[in-house]
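Quick note on labels: first sequence line is chain A, next is B, and so on, each numbered from 1.
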There are 2 protein chains.
Amino acid sequence: MNQRAITGIETGEGLLAVDASTHYRFVVADDHPLFRGALKESIHNLFKSAEIFEAGGFDDLQTLLEREGDVDLVLLDLTMPGVRGFSGLLYLRAQFPGVPVVVVSANEEPGVIRRCMEFGASGFLPKTLGVETMRTAIRSVLEGGVWTPPDVDLSGGADEATRDLVNRLSTLTPQQVRVLMMLSEGLLNKQIAFELKVSEATVKAHVSAILQKLGVESRTQAVIAASKIETGQWPRPAN
Amino acid sequence: MNQRAITGIETGEGLLAVDASTHYRFVVADDHPLFRGALKESIHNLFKSAEIFEAGGFDDLQTLLEREGDVDLVLLDLTMPGVRGFSGLLYLRAQFPGVPVVVVSANEEPGVIRRCMEFGASGFLPKTLGVETMRTAIRSVLEGGVWTPPDVDLSGGADEATRDLVNRLSTLTPQQVRVLMMLSEGLLNKQIAFELKVSEATVKAHVSAILQKLGVESRTQAVIAASKIETGQWPRPAN
DNA sequence: ACCTGCGTCCGACGAAAGAATGATGTGGCG
DNA sequence: CGCCACATCATTCTTTCGTCGGACGCAGGT
């Protein structure tokens, strides 16, 4: 299901040459300036000659990636202004398929971690992580692998319906993901067309494709489906 | 904002005659048979001659209330099959305005409790509650009052937008609530008409009314709005 | 070089949604 | 009783949705 595996190739650095002297380019996306700074500092210690960009919001991140082209790694906080949970990750993966994304979050629930990986994240870093482990994790990802906290159980967990939905979502093209997110904001086809600078007919074509891929019959059902992946059906704690 | 206050009147028992000998009629709605039994037992100890109905699902509850007419109190678990969180409460309150509902839940977050009360619940019982406190709570509600755990802060908390939305939702008529819930399942007007055994024109009338009351422009936006009240914008702790 | 698949784009057409107006019946309430 | 809220339905009209068929460009494969 996951297209992740051969990432290191696009970096042009090769799959093996991960060391402190390589000139990597990172992006740190987090709304909290303090934590952003701390993370930046940590990376600087690990990779002396690294180039580190910062983004405080999702729009920042987007324009940054468009301007800078492919970078080697994005460290993404799931809870940023303008990001509704996993949508941001999904969007990012669709828009910049070549850029590995590591999710950084205070939330360590296994369900959240698993979902991140299903949406194509290359790793998951709890904010509580120590420097040494972080180095290991980032190296692993730069080499094209993935990294998740060692003590969590990723295997089971997701119910059938959710897993199926995630699979369907991962077949959407970048443009379709954009359209789906706009659908989820309640926009009309006309408005979406304006935003994307295409004709309304095109938007309709995308919507139709989305409906087919998600296996639903109307835009409303598509929105419902998309909203389900955010909450994960509210994974109730006991009760 | 809340229409709750004068409930005891409809019971015909008067506002003051709450004692162990009165023949009250309760409904215990919980999907867990064990807990349902325990709750039933507890109530029996408090009110010897009480008549207690049980419902294991939301449909059960609904048909039960339709058959038995007004009962004195419904003890409702928020997380039942066929209930998407608060929708069940909202629906219940719209469909049977005269029946006091006490929410029983393992989830004790203040936000959840507050939202329950905003949707017209007469009380909130944490599942961890002792028998004696439960007696106090139930009495209080049977007298027409409300009861919430004493140590939680109900005052602040809700952001402006959510509060506004809750207000709007509370202006919906019972039928409109039904229609809104069907909209939230992605049904077409035609399908809703069939389910409710009314004409499509009527459904359109309801939908138009819903859109106006919620202050949105399309059915999709109405669904989005309705889904927001479930998650409460997922009020994540810290991060 | 050719062909095939995929993503994006577009226009036309039938179906659904939503607004507007008006009308009827019902039940509660002063 | 009149008033009002609620539910019901019809009709007309405009807008929006969604499908269908087709166009183009661009990659990969033979």
Side-chain angles (χ1 to χ4, degrees), chain A residues 3 6 9-10 91 93-98 168-226, chain B residues 3 6 9-10 69-70 91 93-98 169-225:
Chain A
Q3 8 8 20
I6 48 169
I9 291 175
E10 294 103 351
Y91 180 85
R93 290 294 307 154
Q95 215 57 49
F96 308 96
R168 292 172 182 276
L169 281 173
S170 70
T171 69
L172 295 179
T173 70
Q175 194 75 318
Q176 286 165 3
V177 172
R178 270 200 288 246
V179 171
L180 178 56
M181 291 179 66
M182 295 188 190
L183 286 185
S184 298
E185 288 165 5
L187 298 185
L188 302 177
N189 287 342
K190 191 185 294 186
Q191 299 174 292
I192 297 174
F194 177 79
E195 296 271 350
L196 296 181
K197 302 194 212 312
V198 296
S199 94
E200 193 177 341
T202 305
V203 175
K204 290 182 182 179
H206 285 309
V207 172
S208 289
I210 292 171
L211 299 186
Q212 279 209 312
K213 287 185 177 178
L214 295 192
V216 296
E217 314 232 301
S218 69
R219 65 175 16 335
T220 302
Q221 290 181 359
V223 170
I224 295 167
Chain B
Q3 351 38 357
I6 47 170
I9 290 176
E10 295 103 351
D70 281 1
Y91 180 84
R93 290 294 305 156
Q95 215 56 49
F96 308 95
L169 282 173
S170 70
T171 69
L172 295 180
T173 70
Q175 195 74 319
Q176 284 165 3
V177 172
R178 269 200 288 245
V179 172
L180 177 56
M181 291 179 68
M182 294 188 189
L183 286 185
S184 298
E185 288 165 6
L187 299 185
L188 301 177
N189 288 342
K190 194 183 295 184
Q191 296 175 294
I192 298 175
F194 177 79
E195 295 272 351
L196 296 181
K197 302 195 215 311
V198 297
S199 92
E200 194 176 339
T202 304
V203 175
K204 285 188 178 184
H206 284 311
V207 172
S208 291
I210 292 171
L211 298 186
Q212 279 210 309
K213 286 185 178 179
L214 295 191
V216 297
E217 314 235 305
S218 69
R219 62 170 48 234
T220 302
Q221 289 182 359
V223 170
I224 294 168

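- Between Ile192(B) and Leu183(B) there is a side-chain heavy-atom pair separated by less than 4.5 Å.
- Atom C1' of nucleotide dG7(C) and atom CD of Gln95(A) are separated by 13 Å, given to the nearest angstrom.
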For the pair His206(A) and Thr202(A), evaluate side-chain contact (heavy atoms from CB on, under 4.5 Å) and give the outcome as yes or no after the intermediate values. CA-CA 6 Å; His206(A) 285 309; Thr202(A) 305; 3.8 Å; yes
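- One interatomic measurement links the two molecules: CD of Gln212(B) to C1' of dA17(C), which rounds to 15 Å at whole-angstrom precision.
- Each of Ser218(A) and Gln176(B) lies near DNA chain D, and the nucleotide nearest Gln176(B) is the one positioned closer to the 5' end.
- The shortest side-chain heavy-atom distance between Leu196(B) and Val179(B) falls under the 4.5 Å cut-off.
- Rounding to whole angstrom units, CD of residue Gln221(B) and C1' of dG18(C) are separated by 13 Å.
- Looking at Gln191(A), its side chain never comes within 3.5 Å of a backbone N or O of Leu187(A) through a donor-acceptor pair.
- Straight-line distance from the CG atom of Leu172(A) to the P atom of dT8(C): 10 Å, rounded to whole Å.
- Residues from residues 186-208 of chain B with heavy atoms under 4.0 angstrom of DNA chain C, sorted by number: Leu188(B), Asn189(B), Lys190(B), Glu200(B), Lys204(B), Val207(B), Ser208(B).
- Atoms CZ (Arg219(A)) and C1' (dG18(D)) sit 9 Å apart, rounded to a whole Å.
- Rounded to whole Å, atom P of dA17(C) lies 15 Å from atom CG of Leu180(B).
- Of the listed nucleotides (dA19(C), dA7(D), dG7(C)), dA19(C) has the atom at the smallest distance from the side chain of Leu211(B).
- Inter-residue side-chain proximity for Arg219(B) and Asn189(B) is flagged as met; some heavy-atom pair is nearer than 4.5 Å.
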Are Gln95(A) and Val177(A) close enough, and set up right, to give a side-chain contact (heavy atoms from CB on, under 4.5 Å), and what steps lead you there? CA-CA 8 Å; Gln95(A) 215 57 49; Val177(A) 172; 5.8 Å; no
